[in-house]
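Read the structure below first, then the notes.
Below, read A as the first sequence line, B as the second, and so on, with proteins coming before strands; counting in each chain starts at 1.
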Amino acid sequence: MSTDAKNNTALMEKIVSLCKRRGFIFQSSEIYGGCGGVWDYGPLGAELKRNLRTAWWNAMTRDREDVLGLDASILMNPAIWKASGHVETFADLMRECSLTNKRVRADHVDPQDGVIMNYTGAEAATGWKLDRVISVLMKKGEHIESFRKRVRLLIASNAGEAAGKPEEIVLLGEAKADAVEGSIDYHPETGGALGPARPFNLMLKTYLGPTATEDDVTYLRPETAQAIFAQFKNVFDASRVKVPFGICQIGKAFRNEVTPKNFTFRSREFEQIELEFFIKPDEAIEIISGEVAAWSEGADLSEPQANWGWDLWHRYWVDQRTKFYEGIGLGGVLEYYWQTPEDLAHYARACVDILCNFPFGTEELEGIAARGSFDLTAHQNASGKSQEVFDEELKVAAAKLTDEQKEAMIQKRLAAEQSKVKGAPMAEADVRAWFERLFKGNYVPHVIEPSAGLDRMALAIIANAYEETEKTDEKGKKEVITVLKLHPRVAPIKVGVFPLLKNKPELVAKAREVYALLKRHMNVFYDETASIGRRYARQDEVGTPFGITIDFDTLGEKGPELLDTVTLRHRDGGEQERVKISDLLWKLLAEVS
RNA sequence: GCGGGUGUAGCUCAGUGGUAGAGCAUCUCCUUGCCAAGGAGAAUGUCGCGCGUUCGAAUCGCGUCACCCGCUCCA
């Protein structure tokens with residue numbers, strides 16, 4: 001491991017330690033030895049998460065006119081997961097390479113020709129040993145020495161540091177076995193013998209109903225999005241909204257991750273915050289507005305326009321989500337990855353990953369995908385229930401089109417279908433049927449999906465706020481000071497209230513008074529133990545942005561002009577200002593909300 | 001899932017077969033006129049869990065669980 005990697009691992013360990021010590025995040029079921037890939041939020045973590053949830057919910061719903069909330073169940077009819085494709089893609093039969101443990105879908109193994117080579121094991125100068133039989137396919141035409149080199153490399157990469165350098169690994173008991181043709185029992189890339197086909201189900205299975213038979217099987221949702229799609233029509237009918245509009249949801253989702261890792265970053269139970277923003281198909285925009293607005297560098301994305309197609313809506317949401325992250329203090333550490341056509345799922349038109357810098361690497365915080373009408377159409381087909389909306393404006397505009405104009409649109413679409421990179425082109429009859437519905441004002445909305453993980457966001461916030469500085473006191477003693485530079489909006493404790501000294505009843509009484517004044521409006525922490533400096537430090541460590549100290553000036557000792565004023569200390573920089581008690585509330589509220 | 005590492009007090013760690021330790025943190029009292037001050041005292045561990053070897057196990061063996069690192073996976 002490089003020095004950087006070691007430092008980053010050490011930093012991550014310090015963050016995990018702080019999280020436990022100060023009550024942000026605990027291991028689940030710790031007294032029983034934990035539970036893999038599951039974490040609990042302690043008092044401060046719960047506040048932090050709640051602040052993030054509120055910030056997101058407000059940004060999505062309260063601050064907008066075009067997004068509605070939903071709170072759906074974790075358990076759903078299992079037919080949902082068949083329609084969405086999750087049952088299929090999350091429950092593949094996989095076979096594992098015995099050499100490298102690379103997994104491959106059982107039905108995706110290409111036939112291989114070559115000679116089977118067996119080894120009884122391997123060992124390295126480092127003392128590392130592999131004590132099991134290795135069976136590898138030497139491909140047709142592969143030279144024996146380059147084959148051995150390749151096997152050593154593969155073994156080394158799987159063994160990690162313990163095995164040392166690949167060229168120093170000794171392969172034991174080499175024996176040539178049979179030649180094979182068209183075998184599907186060896187990994188296409190590595191040549192390692194494949195184990196038996198086993199299902200790898202990433203969805204958590206459970207039984208709905210006490211009899212627990214196979215008929216009762218359902219799943220804990222692996223994502224919150226499907227509930228939004230499944231309830232799309234109900235929300236639409238109940239809310240007097242028109243496309244474009246969105247439905248957002250916050251909720252738990254579950255995945256049997258193969259390898260939960262990086263603290264809470266990849267866990268088996270996690271909280272998603274998702275928006276499905278429904279828009280008109282580009283063809284509808286073309287009919288209504290004459291043409292779809294094109295994006296160009298520097299385009300104004302601040303206000304949605306009627307002539308926006310999916311591309312501009314997609315970019316708009318990337319912009320909106322970026323502003324959100326800036327508002328909670330993550331502005332400077334974001335990166336963007338625009339998926340290439342090869343990366344994209346066949347139904348997706350574009351997808352941007354918003355990445356964030358973590359000690360363990362730059363990892364995804366949120367994905368913003370333009371998914372076309374894939375999801376609603378899938379549910380429409382599987383359920384037999386129409387997911388179309390009727391658009392009066394579109395119907396009126398389409399009625400003004402000539403037959404030639406209509407046919408031109410159809411031809412344009414047919415050409416586009418033919419030049420698709422992924423997926424089969426839509427049949428001409430289906431395209432014509434779709435346009436027929438469109439010209440009457442009916443379509444299945446398309447969707448832009450900004451989907452984020454709340455736990456990742458919380459971890460990103462903590463990790464990026466973590467700061468250590470070394471301080472030397474008068475006696476030359478060095479100590480490390482830890483400060484969590486949390487944005488005031490997300491900080492679990494907004495302000496600490498301290499009497500300068502606890503053995504002066506007047507100071508204590510006044511401090512209790514200030515505490516009572518503020519605590520109804522925000523999370524306030526009262527502390528009178530230990531020296532004032534230590535109390536500041538305790539709050540710095542958990543990211544409390546403000547401290548209020550009641551001192552002798554507050555009592556009017558230095559004259560009436562300072563009576564009922566307090567010291568307001570700012571966490572970052574430690575600067576202090578004198579504030580009237582009567583001004584505290586509005587001054588603080590402006591910062592923390 | 002594979003390979004490697006780790007697991008002792010709330011945290012960081014020392015303790016290589018013979019009575020369980022330190023620093024920091026916590027709590028109480030005293031003291032303290034603004035950035036982890038000082039003094040006195042207290043509490044805190046089935047040494048991750050289980051089974052074994054041994055007169056005796058935190059220490060040795062086997063198993064297991066969790067976490068970390070590297071592969072792998074990541075709709």
Side-chain angles (χ1 to χ4, degrees), chain A residues 1 5-6 8-10 12-14 16-23 26-39 81 84-92 94 96-104 126 128-130 132 154-163 192 195 198 200 202-203 222-223 225-226 253 255-263 266 345 347-348 360 363-364 367 369 451 471 473-475 477 479-482 498-504 507 529-541 547 549-553 557-558 567 569 571 574-576:
Chain A
M1 223 187 328
K6 271 184 190 153
N8 288 335
T9 300
M12 203 53 215
E13 278 166 8
K14 282 188 220 168
V16 172
S17 165
L18 174 71
C19 282
K20 181 177 183 191
R21 190 156 41 83
R22 298 306 307 269
F26 306 127
Q27 192 177 15
S28 165
S29 324
E30 196 194 78
I31 60 168
Y32 289 101
C35 183
V38 194
W39 303 88
W81 306 114
S84 67
H86 284 85
V87 171
E88 197 188 338
T89 59
F90 271 48
D92 294 332
M94 305 289 284
E96 248 178 353
C97 166
S98 57
L99 184 60
T100 62
N101 305 106
K102 276 183 197 266
R103 266 193 299 279
V104 61
T126 57
W128 172 89
K129 257 187 188 167
L130 185 68
R132 63 187 154 92
L154 290 167
I155 290 176
S157 75
N158 199 39
E161 288 171 36
R198 285 184 299 178
F200 273 76
L202 260 45
M203 283 200 288
E223 62 171 34
Q226 293 308 320
R255 286 178 208 182
N256 255 328
E257 293 291 351
V258 178
T259 316
K261 63 185 282 189
N262 290 331
F263 199 25
R266 178 169 296 134
Y347 50 81
F360 44 81
E363 298 280 356
E364 185 181 343
S451 167
K471 215 178 77 172
D473 64 14
E474 307 94 50
K475 291 171 197 157
K477 204 174 87 181
E479 57 186 346
V480 175
I481 308 287
T482 304
F498 319 115
L500 185 60
L501 297 175
K502 76 167 165 190
N503 61 355
K504 298 287 187 291
L507 292 179
T529 65
S531 73
I532 190 69
R534 183 196 216 93
R535 281 176 273 168
Y536 287 151
R538 280 174 184 158
Q539 291 308 308
D540 286 350
E541 199 184 39
T549 304
I550 284 75
D551 56 20
F552 294 94
D553 296 355
E557 203 174 76
K558 279 209 186 124
T567 299
R569 172 188 181 265
R571 176 196 62 209
E575 68 271 26
Q576 303 192 341

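- A/Arg535 places a side-chain N or O within 3.5 Å of a backbone atom of A/Thr529 that can act as its donor or acceptor partner.
- A/Asp540 places its CG atom 17 Å from the P atom of B/rC34, with the value rounded to the nearest Å.
- A/Glu557 comes within contact range of at least one nucleobase, with a heavy-atom separation under 4.0 Å.
- Checked by atom type and distance alone, the side chain of A/Arg538 never pairs as donor or acceptor with a backbone atom of A/Gly533 at under 3.5 Å.
- The residue A/Glu223 sits close to a base: some heavy atom pair falls under 4.0 Å.
- The partner of B/rC71 is B/rG1, judged by Watson-Crick or G-U wobble contacts that both fall below 3.5 Å.
- Taking atom NZ of A/Lys504 as the reference point, atom C1' of B/rG33 lies 8 Å away to the nearest angstrom.
- Listed nucleotides: B/rG33, B/rC68, B/rA37. Nearest to the side chain of A/Ser531: B/rA37.
- The side chain of A/Asn503 approaches B/rU32 more closely than any other nucleotide in the set B/rC34, B/rU32, B/rC67.
- The aromatic ring centroids of A/Phe360 and A/Phe263 lie 6.0 Å or more from each other.
- Annotation: B/rC47 and B/rA20 have their C1' atoms spaced 8 Å apart (nearest Å).
- B/rG7 and B/rC49 are spaced 13 Å apart, taking the P atom of each and rounding to whole Å.
- A donor-acceptor contact shorter than 3.5 Å is absent between the side chain of A/Arg571 and the backbone of A/Gln539.
- Checking A/Gln27 against A/Ser84, the closest nucleotide of RNA chain B that is more toward the 5' end is the one next to A/Gln27.
- Interface remark: the A/Arg569 side chain does form a donor-acceptor pair with the B/rC35 base, using a distance-only criterion of under 3.5 Å.
- Under a 4.0 Å N-O distance rule, the pair A/Arg21/A/Glu541 qualifies as a salt bridge.
- Donor-acceptor pairing under 3.5 Å, judged by distance alone, is absent between the side chain of A/Tyr32 and the base of B/rC65.
- When distances run from any side-chain atom of A/Phe552 to the nucleotides B/rC35, B/rG70, B/rG33, the shortest one goes to B/rG33.
- For A/Arg535 against B/rC35, a side-chain-to-base donor-acceptor contact under 3.5 Å is absent.
- In terms of phosphate contacts, A/Asn262 brings a side-chain nitrogen or oxygen within less than 4.0 Å of OP1 or OP2 of B/rC69.
- No engagement by A/Glu30 is indicated, since no non-hydrogen atom pair under 4.0 Å with the nucleic acid exists.
- When heavy atoms are screened at a 4.0 angstrom cut-off, A/Thr259 is found touching base atoms of the nucleic acid.
- Look at CD1 on A/Ile31: it is 17 Å from C1' on B/rU44, rounded to the nearest Å.
- Taking 4.5 Å as the limit, every side-chain heavy atom of A/Met12 sits out of range of all side-chain heavy atoms of A/Asn262.
- Of all nucleotides present, only B/rU12 satisfies the Watson-Crick or G-U wobble test against B/rA22, with each distance under 3.5 Å.
- Across the protein-nucleic acid pair, A/Arg538 atom CZ and B/rA37 atom C1' stand 13 Å apart, rounded to whole Å.
- Counting any heavy atom pair closer than 4.0 Å across all strands shown, A/Gly367 reaches no nucleic acid atom.
- B/rG5 and B/rU46 have their P atoms separated by 28 Å, given to the nearest Å.
- Between B/rC74 and B/rG4, the distance separating the two P atoms is 25 Å to the nearest Å.
- For A/Thr9 against B/rC68, a side-chain-to-base donor-acceptor contact under 3.5 Å is absent.
- The pairing partner recorded for B/rA43 is none, the criterion being a Watson-Crick or G-U wobble arrangement whose two distances lie under 3.5 angstrom.
- To the nearest 0.5 Å, the span separating CH2 on A/Trp81 from CD on A/Glu223 amounts to 5.5 Å.
- A donor and an acceptor atom sit less than 3.5 Å apart, one in the side chain of A/Gln576 and one in the base of B/rC34.
- The nucleotide B/rA58 finds no pairing partner, because no Watson-Crick or G-U wobble arrangement with both distances shorter than 3.5 Å includes it.
- Relative to the side chain of A/Arg534, the nucleotides B/rU32, B/rA25, B/rG70 differ in distance, and B/rA25 lies closest.
- Computed from coordinates, the A/Leu507 CG to B/rC34 C1' distance equals 12 Å when rounded to whole Å.
- Rounding to whole angstrom units, NZ of residue A/Lys20 and C1' of B/rA9 are separated by 10 Å.
- With RNA chain B read from its 5' end, the first of the two nearest nucleotides for A/Arg21 and A/Gly34 is the one closest to A/Arg21.
- Here the nucleotide nearest the side chain of A/Leu501, chosen from B/rC35, B/rG33, B/rC67, is B/rG33.
- Here the separation of B/rA25 from B/rU19, taken at their C1' atoms, is 27 Å to the nearest Å.
- Using a 4.0 Å heavy-atom distance criterion, A/Gly574 is classed as a base contact.
- A/Lys502 comes within contact range of at least one nucleobase, with a heavy-atom separation under 4.0 Å.
- Not one N or O on the side chain of A/Ser29 forms a donor-acceptor pair closer than 3.5 Å with the backbone of A/Tyr32.
- The same atom, C1', is picked in B/rU59 and in B/rU8; the two are 11 Å apart, to the nearest Å.
- A/Ile532 comes within 4.0 angstrom of the backbone, heavy atoms only, and of no base.
- Looking at heavy-atom distances under 4.0 Å, A/Ile481 makes contact with a base.
- Separating the NZ atom of A/Lys261 from the P atom of B/rC74 is a distance of 14 Å, rounded to the nearest angstrom.
- Taking the charged nitrogens against the carboxylate oxygens, A/Lys20 and A/Glu30 do have a contact shorter than 4.0 Å, which makes a salt bridge.
- Taking the C1' atoms as reference points, B/rC73 lies 35 Å from B/rC13, given to the whole Å.
- Using atom C1' as the reference point in both B/rC55 and B/rA42, the two lie 37 Å apart (nearest Å).
- Applying the 4.0 Å criterion to OP1 and OP2 of B/rA25, one finds that A/Arg22 has every side-chain N and O outside that range.
- Checking B/rG7 for Watson-Crick or G-U wobble geometry (two distances, each under 3.5 Å) identifies B/rC65 as its partner.
- Put simply, CZ on A/Arg266 is 12 Å from P on B/rG70, counting in whole angstrom units.
- In this structure, A/Phe263 reaches the sugar-phosphate backbone alone: every heavy-atom distance under 4.0 Å involves primed, P, OP1 or OP2 atoms, never a base.
- Listed candidates were B/rC73, B/rA36, B/rC34. Nearest to the side chain of A/Ala537 is B/rA36.
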